[in-house]
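Take a look at the structure below.
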Protein chains: 2
Amino acid sequence: MPSIRKPPTMADVARMAGVSPMTVSRAFKRDTSVSQETREAVRRATEELGYVFDSTASNLRSQRTDFVAVTIPSINNANFADTVRALSDGLSDKGLQVLLGYTNYDVREEERLIEQLLRRKPEAIVVTGGKHTSRARKLLSNAGIPVIETWDLPEDPIGHVVGFSNALAVREMIDHFVTVGYRKVAFIGGDADRDTRGSDRRAGFITAMEDHGLDATRLIAAGPPPISMREGANAMGRLLEHFPDTEAVICVSDLSAFGALTECQRRGIAVPDQIAIGGFGDYEIGAICVPSLTTINAFAAEIGAKTAQLILDVLDGSLSDSAGVITIRPDLILRQTSR
Amino acid sequence: MPSIRKPPTMADVARMAGVSPMTVSRAFKRDTSVSQETREAVRRATEELGYVFDSTASNLRSQRTDFVAVTIPSINNANFADTVRALSDGLSDKGLQVLLGYTNYDVREEERLIEQLLRRKPEAIVVTGGKHTSRARKLLSNAGIPVIETWDLPEDPIGHVVGFSNALAVREMIDHFVTVGYRKVAFIGGDADRDTRGSDRRAGFITAMEDHGLDATRLIAAGPPPISMREGANAMGRLLEHFPDTEAVICVSDLSAFGALTECQRRGIAVPDQIAIGGFGDYEIGAICVPSLTTINAFAAEIGAKTAQLILDVLDGSLSDSAGVITIRPDLILRQTSR
DNA sequence: TTGAAAGCGCTAACAA
DNA sequence: TTGTTAGCGCTTTCAA
């Protein structure tokens, strides 16, 4: 019978256990000096009353929420999910809980989200990417908590950074493609301003191609993020029509790359013999599809794990909160869709 | 220069704006009667001081957190991500924020998570699945907030339900397979107790096959969830070795089904001519891979949207909090991997 | 190891 | 439209 009376408080538990509320409070924490019998009495009273600890009161009085706020562009992206999972796992041992929000790849939305999250008084905040509205930057700078930007190497970091250069990662793939003889190389995606990591990859493609003295104008738009497999397939269709002599194409992610691959299969175009394909992100699909996908591993889980460790170090004072940049080095993974 | 002074409170804003704290409080809400000039004065003072509203105090005093707690098995699953996104979108208009946690497909972990979430005093709690530890059931029943179980049709619901029968969904696919002439049908996955939806699908396979008078023992284990594409491929390998005359196979999800498909491609086995494949969940990959995948659309986003609407209705009193079951009807999607 | 007093920063309730 | 008072349920602080 769910009672309609108001729920029991710590004072009710204290009364039933025959101790003071302060003792009950202590009994709920580890590492506090409470006698074994008292602990047991409190446990019994808690059980009997169906008491549930009220974090909201604890949060206010102790000025601690044990939240770590996290923003990601999309909840439905295996790369970001890997980062959040590793981050969450790394924090949960220490009693910290991730408070997650997504921005839908929109810096205005990100600004709203950051404000909403900061009102919850998190212990630290992790954002994806290094491009923000000026108001969002100000909010983050003034929040008085550790700020970590990830999945990017911002020119002017707000606080800490755990990330990598999207442009350099793509350059590495191009260097390889040129080495093995591809000259007419195209790029799919990264045309939308909103997709900052995507445009960084596209910009990296252009400068790297130009540095090789190659034509960097085989650019196919895939529209605003998130770029689906279907959009990758459509873009590949356009590429094959506009630039039929293309020898290799780099896609903004493995998802669009897989879509592109399927479009070739539907059109009877041999991969990699007629056209090579490269992806980005090392999603599971790239490892298992036939032919398997050449891609770049950005170590999504490692980003999350290192971010968690950084937060724990800063919060427990073993690391000063002065800005530091942890650089991840993406790995080129050669598979069957390219030489 | 991030100051080391303690951050400003509403009282500081009130002083600077020349009003009472209560007026500042009102100015921060919509739909409260505050004069235009006062609002503007408060806004300026807020800006000037860099004041950030403190939800923790508000939460305690008003006994409202505007959190909706949500548990999902894994953060890295497109089906659950779709549900959470739709849920989150449906709630955010009304100022409700999702507080997300994942159980790693483990009811013990779910119990811990539920307790942790309830301490945050959410307005409602949404859980994935209908199987819980008895303590978790008790916690949910006594929480005094709306409880919604999703992605399942529990025998003994705790509160509300927005879900479907996993067993019946699989039965529908089998009925079709039998109609078009497949007799030797196998099932991959659902062997682990932990994967309750997976085992329901497997159980549905067995009873449906038996009802057709067919052999229901072509069962291939894929191990504990989450079942990856790779594990689906491995399971397909074992199926082809143990039961080489199998005519069709149903996989516990589209991910394992795609893995199974790739295994056939690697072995030069024609799909669907030599073996048909069915998946579950209508993931994007199934629509775009070649050949495209016959599957079951469980309407993940619709589950989230209907759950959001249900919560809003219950919270604003337009729907009584007596238990109700909203049944989703999964759709069989016939594509190229089967007749 | 335990307890008493005070207060975290808001907002419900009431009043003007 | 605005203000006053009190208090949400914990935990900090100090004391025993």
Side-chain angles (χ1 to χ4, degrees), chain A residues 5-43 45-46 49-67 95 116 118-123 143-144, chain B residues 5-43 45-46 49-67 95 116 118-123 143-144:
Chain A
R5 293 191 359 242
K6 52 188 292 196
T9 70
M10 211 173 247
D12 298 320
V13 176
R15 205 169 303 118
M16 173 166 279
V19 295
S20 74
M22 194 57 237
T23 298
V24 176
S25 175
R26 292 192 179 101
F28 269 89
K29 317 273 173 252
R30 300 173 193 291
D31 314 326
T32 48
S33 44
V34 177
S35 77
Q36 208 41 250
E37 313 127 64
T38 305
R39 269 220 153 76
E40 181 55 22
V42 168
R43 201 198 54 69
T46 298
L49 292 169
Y51 169 70
V52 176
F53 181 91
D54 187 339
S55 295
T56 69
S58 171
N59 293 342
L60 174 59
R61 174 65 247 219
S62 64
Q63 299 289 78
R64 281 187 56 109
T65 59
D66 290 334
F67 275 136
Q116 184 187 26
L118 289 178
R119 289 174 167 210
R120 301 276 188 189
K121 305 294 172 186
E123 313 297 332
Chain B
R5 296 194 354 244
K6 52 187 293 195
T9 70
M10 211 174 249
D12 298 320
V13 176
R15 206 168 303 118
M16 173 165 281
V19 295
S20 74
M22 194 59 235
T23 298
V24 176
S25 175
R26 291 191 180 104
F28 269 89
K29 316 274 173 249
R30 297 174 194 293
D31 313 326
T32 49
S33 45
V34 177
S35 78
Q36 208 38 251
E37 312 129 65
T38 305
R39 269 219 154 77
E40 181 55 22
V42 168
R43 201 198 54 70
T46 298
L49 292 169
Y51 169 70
V52 177
F53 182 90
D54 188 337
S55 295
T56 67
S58 172
N59 293 343
L60 174 58
R61 173 65 245 218
S62 65
Q63 299 288 78
R64 280 186 57 108
T65 59
D66 290 334
F67 274 137
Q116 185 188 25
L118 289 178
R119 290 174 167 209
R120 303 275 188 187
K121 305 296 173 187
E123 313 298 332

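Numbered from 1 within each chain, the chains take letters A, B, ... in sequence-line order.
In this structure B:Phe28 satisfies the ring pair (Phe, Tyr, Trp, His ring centres under 6.0 Å) test together with B:Tyr51, B:Phe53, sequence neighbours excluded. B:Ala41 meets the side-chain contact (heavy atoms from CB on, under 4.5 Å) test with B:Ala17, B:Arg44; sequence neighbours excluded. Under the side-chain contact (heavy atoms from CB on, under 4.5 Å) criterion, B:Gln116 pairs with A:Gln97, B:Leu113, sequence neighbours left out. In this view, B:Asp12 and B:Arg15 satisfy the salt bridge (Lys or Arg N to Asp or Glu O under 4.0 Å) rule, not counting sequence neighbours. Residues forming a salt bridge (Lys or Arg N to Asp or Glu O under 4.0 Å) with B:Arg43 (at least two apart in sequence, or on another chain): B:Glu40, B:Glu47. For A:Asp54, the salt bridge (Lys or Arg N to Asp or Glu O under 4.0 Å) test picks out no residue, with sequence neighbours left out.
Within residues 16-25 of chain A, the residues approached by DNA chain D to less than 4.0 Å at the level of any non-hydrogen atom are A:Met22, A:Ser25, in residue-number order. The stretch residues 56-63 of chain A touches DNA chain D through A:Ala57, A:Ser58, A:Arg61, A:Ser62, each having a heavy atom under 4.0 angstrom from the strand. For DNA chain D, the residues of residues 28-41 of chain A within the heavy-atom distance limit of 4.0 Å (strictly under) are A:Lys29, sorted by number.
Taking every nucleotide of DNA chain C with any atom under 4.0 Å from a non-hydrogen atom of chain A, the first and last of them, 5' to 3', are C:dT1 to C:dG9. Chain B approaches DNA chain D within less than 4.0 angstrom (heavy atoms of the protein), and the contacting nucleotides run 5' to 3' from D:dT1 to D:dG9.
The salt bridge (Lys or Arg N to Asp or Glu O under 4.0 Å) analysis of residues 18-29 of chain B, with sequence neighbours excluded, yields no pairs.
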